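These notes are about the structure you will find just below.
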Amino acid sequence: MAAVLTQKAHNRNRAVRGSGDGTRLRELDCVRNMGIIAHIDAGKTTISERMLFYSGRVHKMGEVHEGNAVMDWMAQEKERGITILSAATTFFWRERQVNLIDTPGHVDFTAEVERSLRVLDGAVGVFCGVGGVQAQSETVWRQADRYRVPRLVFVNKMDRAGANFERVLGRVRERLGATVVPVQIPIGCGDALKGIIDLVRMRACAHDPIDPATPPVWEDIPADQAARAEEARARMLETLAENDDTILERYMENADVPADEVLAGLRRATVACRVSPALCGAALRNLGMRPLLDAVTDFLPSPLDVPPVDGKHPRTGVDLARHAQDSELCALAFKLAGDPYAGRLALVRVYSGQIVKGQNLYNPRTKQRMRATRLLRLHADSRDETDTLFSGEIGALVGLRDVAAGDTLCAENAPIELERIPFPEPVMFMAVEPRSRADKDQVEQALALLAAEDQTCVVHCNQETGQTVMGGMGELHLEILHDRMRREFGVDARVGKPMVAYYETVAATARGEHLFDREAGGQRQVARVVLEVGPRERSAGNEIVFETDRRRVPERFHAAIEEGVKDGLATGVLARFPMRDVGVRIVDGVFDEALSTEIAFRTAALLAFREAAVAARPEILEPVMALEIETPGAHVGDVIGDLNGRRGKIREIVASGEDQTVRAVVPLAELFGYATAIRSLTAGHGRHTMEPEQLDVAPASVRDELVNR
């Protein structure tokens, strides 16, 4: 049976961590920072609950469908049966400290996955044994690729009809480009699932008792499965030998590599992101959970195994790095969260050094000192007080002011600034207004707190209408934000109908110039600006470049000109939508020593920009979604016909057992209420997921409708 390290023993071990470098390194080697990532409804939270139960962290196993899962603690999560906010916890398995983050699987909350993967050392990618690689599976896998996070693959729901382990792994290889090494295979599938075979030790597990004190029943591989297991083990060793030189040498000497050497080779190749060991099971039946926990500690890296975190010196810009064993403090505040008792929490990953209660911390962004009055270890929505957060740990700080998600916390005498976390732009907006004047301040405060916690919640005021507008990643995201305002902040605001987030761009290059010469405030003000506007690559963002002679436009006026151009970019020229992917070159100008002012240059720049943008063939950009629909084959024709009517483009149709998977790209504006439509088209049997794909130029008919509305 796997030994469980108690909290008291953990505290004793931590207390002596500073007694010597050897102790400190041993402690770091016993830490695993890992997350669970997957498509919605693949079983992430169910697996998390089993991990907590078998490790002794909780004494009753929660279930998502019963609304009592520990990790899905929000009221909205319990009601909908989905994960909305990533939840962190700590437990111990085989004398290893596992810091676990359970992430959402819905596309509207993919930013929660992004911020989690930014601070994790490893992850378990969960795939449905029937659905395989689904839309959000691909998204979160690519996010993990971006941060080079080592991963395990766990094929869940092998007890469902239509489950196929090999088919799922084949799609992981094909669609995700992953080198998957099965270290287990199932015995049967669907209703005939009888257990799993461990290919490393060549043994079978037919029963994994619910009682944490009772070990799994490992036995000899059934005779009718022996040949299949031998063949699968040979393939495992061949793939591993291709990705690990040590195993290759051993394999060339003797094809029967001992289990301990296989485990060591798998760990090396996994930590190096060359392979992803694959396991299988059925979380709802508690099959395969303890072997998965063993794999987390066997294969996923400790803080000592991952590369040092890179940053820059905040004043000189010199590249810096922090190793886990370094004594200088380096931590990243990757998320803010509200707590009704503790107040505002800053969730941090400590990359090096340690944070002691009451210690002074330095924020390079604000150039301010701050002090954490309390340190907490997290367990979903409950907190445990601690005096120290050590290198490699994830915890929460209380009492920090003027801190934002993505800020670095370090020592003032050894400053470093880590790269900030990127977040996607909102694709939908919704007007929000108080029901009475007395509620105005409450609404503004609630929106500000939500925007601080969630970087994909963007709040701004429409200058033309005076409305406060809240942006988000989809209808569900906006619905959840509105519901949180009501439940958490006690604000019952009125909201408008969700609207698509359109943008403007230009398709050609054009020049514009404007001479501002008028009296304002009893004083004549003069400025002239000449600039060029042109298109940039899609998703490249806006760029403003000065190519002027300083004698014609002094540098002290550059900021004013830039503000004028930004005003033009923010308001557009067609339908007052913000402009994207536009390059602006300031090429000339004229100033008068006595008469030129910043206001004059800002106004001249704005009007010159608008003149150039109108001449540069402005277009409307609309968000386009990647849509994936699973439907019985009999309804494929109806689904495709409906997509054609929504301006959709079919990419591929793939057979998935008795079902068909249709992948298409469709403008977001055509997908309002699609959940109801797909149920009607497929007699209630269809399922769909969608995620932002890109911004595309809208057809002339859509552009004219938006301009003239």
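This one's a predicted model, so the numbers in the text were calculated from it and none came from an experiment.
The two residues Y351 and R118 come nearest to each other via the heavy atoms OH-O, 3.2 Å. Of all heavy-atom pairs between P150 and L300, the closest is O-CD2, 3.8 Å. Taking each heavy atom of L389 and A396 in turn, the nearest pair found is CD1-N, 4.2 Å. Taking both residues in full, the closest heavy atoms of M158 and P186 are given as CE-CG, 3.9 Å, listed atom of the first, atom of the second, then distance. Of all heavy-atom pairs spanning A626 and E693, the tightest one is CB-OE1, 3.3 Å. L279 and P291 get closest at one heavy-atom pair: CD2-O, 3.9 Å.
With rounding to the nearest 0.5 Å, the separation of OG in S327 from CD in Q354 is 9.5 Å. Taking CD of E49 as the reference point, atom OG1 of T89 lies at 9.5 Å (rounded to 0.5 Å). Rounded to the nearest 0.5 angstrom, E166 CD and R171 CZ are separated by 13.0 Å. For the atom pair CZ (R142) and OG1 (T110), the distance works out to 13.5 Å, reported to the nearest 0.5 Å. To the nearest 0.5 angstrom, S276 atom OG is 4.0 Å from W141 atom CH2. How far CG of D384 is from CG of L378: 8.5 Å, rounded to the nearest 0.5 Å.
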Start with the C-alpha gap between M289 and F154, add the side-chain angles, then the distance that decides, and say whether side-chain contact (heavy atoms from CB on, under 4.5 Å) holds. CA-CA 10 Å; M289 294 298 98; F154 185 78; 3.4 Å; yes
Using the side-chain contact (heavy atoms from CB on, under 4.5 Å) rule, take D319 and D310 through it: C-alpha gap first, then chi angles, then the decisive distance, then the call. CA-CA 7 Å; D319 291 337; D310 295 323; over 6 Å; no
Working note: E242 + R274, criterion salt bridge (Lys or Arg N to Asp or Glu O under 4.0 Å); need CA distance, chi angles, decisive distance, verdict. CA-CA 10 Å; E242 293 171 0; R274 292 195 293 268; over 6 Å; no
Residues I187, I196; criterion side-chain contact (heavy atoms from CB on, under 4.5 Å); working and verdict: CA-CA 5 Å; I187 304 174; I196 56 176; 5.8 Å; no
Take Y147 and L120, measure what side-chain contact (heavy atoms from CB on, under 4.5 Å) needs, and give me the verdict at the end. CA-CA 9 Å; Y147 294 113; L120 292 173; over 6 Å; no
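Within the 3.5 Å criterion, the main-chain N or O of G170 finds no donor-acceptor partner in the side chain of R175. In this structure, the side chain of T239 does not engage the main chain of V181 through any donor-acceptor pair within 3.5 Å. Judged purely by atom type and a 3.5 angstrom limit, T103 uses its side chain to pair as donor or acceptor with the backbone of I36. The closest donor-acceptor contact from the side chain of S302 to the backbone of L304 lies under 3.5 Å. Put simply, the side chain of R151 gets close to the backbone of V149: a donor and an acceptor are under 3.5 Å apart. A donor-acceptor pair under 3.5 Å links the side-chain atoms of N156 to the main chain of A283, judged by distance alone. The main-chain N or O of F91 is never found under 3.5 Å from a side-chain atom of R57 such that the two would form a donor-acceptor pair. Proximity of a side-chain donor or acceptor of N243 to a complementary backbone N or O of L240 within less than 3.5 Å is not detected. Although no hydrogens or angles enter the test, the distance criterion places no donor-acceptor pair under 3.5 Å between the side chain of T46 and the main chain of L284. Side chain of T297 to main chain of R96: no donor-acceptor pair is present (N/O by atom type, distance under 3.5 Å, no hydrogens or angles).
In this structure the side chain of L409 reaches within 4.5 angstrom of the side chain of L397, judged on heavy atoms. Side chains of V113 and P104 form a contact here, defined as non-hydrogen atoms less than 4.5 Å apart. The closest side-chain heavy-atom distance from L237 to V262 is below 4.5 Å. Using a 4.5 Å heavy-atom threshold, the side chains of L376 and E385 count as touching. E393 has its side chain out of reach of L28: every pair of non-hydrogen atoms, C-beta onward, lies at least 4.5 Å apart. Looking at V124 and L292, their side chains come closer than 4.5 Å, going by heavy atoms from C-beta outward. In this structure, L287 and L193 have side chains that are in contact, with non-hydrogen atoms separated by less than 4.5 Å. With a 4.5 Å cut-off on side-chain heavy atoms, E628 and M690 do not count as touching.
Using modelled atom types, one finds no donor on one side chain facing an acceptor on the other under 3.5 Å when comparing W218 with D198. Side-chain N/O atoms of Q97 and N99 include a donor and acceptor closer than 3.5 Å. In summary, the side chains of T90 and R377 do not present any donor paired with an acceptor at a separation below 3.5 Å, with no hydrogens or angles considered.
A salt bridge is absent between R365 and E417; no separation between the charged side-chain nitrogens and carboxylate oxygens falls under 4.0 Å. Ionic pairing of D245 and R268 is not present here: no N-O contact between side-chain nitrogen and carboxylate oxygen is shorter than 4.0 angstrom. In this structure, R233 pairs ionically with D256, as a charged nitrogen and a carboxylate oxygen lie closer than 4.0 Å.
In terms of the ring pair (Phe, Tyr, Trp, His ring centres under 6.0 Å) criterion, residue partners of H477 (sequence neighbours excluded) are, by chain and number, F109. The salt bridge (Lys or Arg N to Asp or Glu O under 4.0 Å) search around R235 returns E231, not counting sequence neighbours. Evaluation of the side-chain hydrogen bond (donor to acceptor under 3.5 Å, both in side chains) rule for R146 yields E114 as partners, not counting sequence neighbours.
The environment of E419 atom CD is sparse: at most 12 non-hydrogen atoms of other residues, nucleotides or ligands sit within 6.0 angstrom.
Among R32, R94, R267, the one residue that satisfies the salt bridge (charged side-chain N to carboxylate O under 4.0 Å, His left out) test with D298 is R94.
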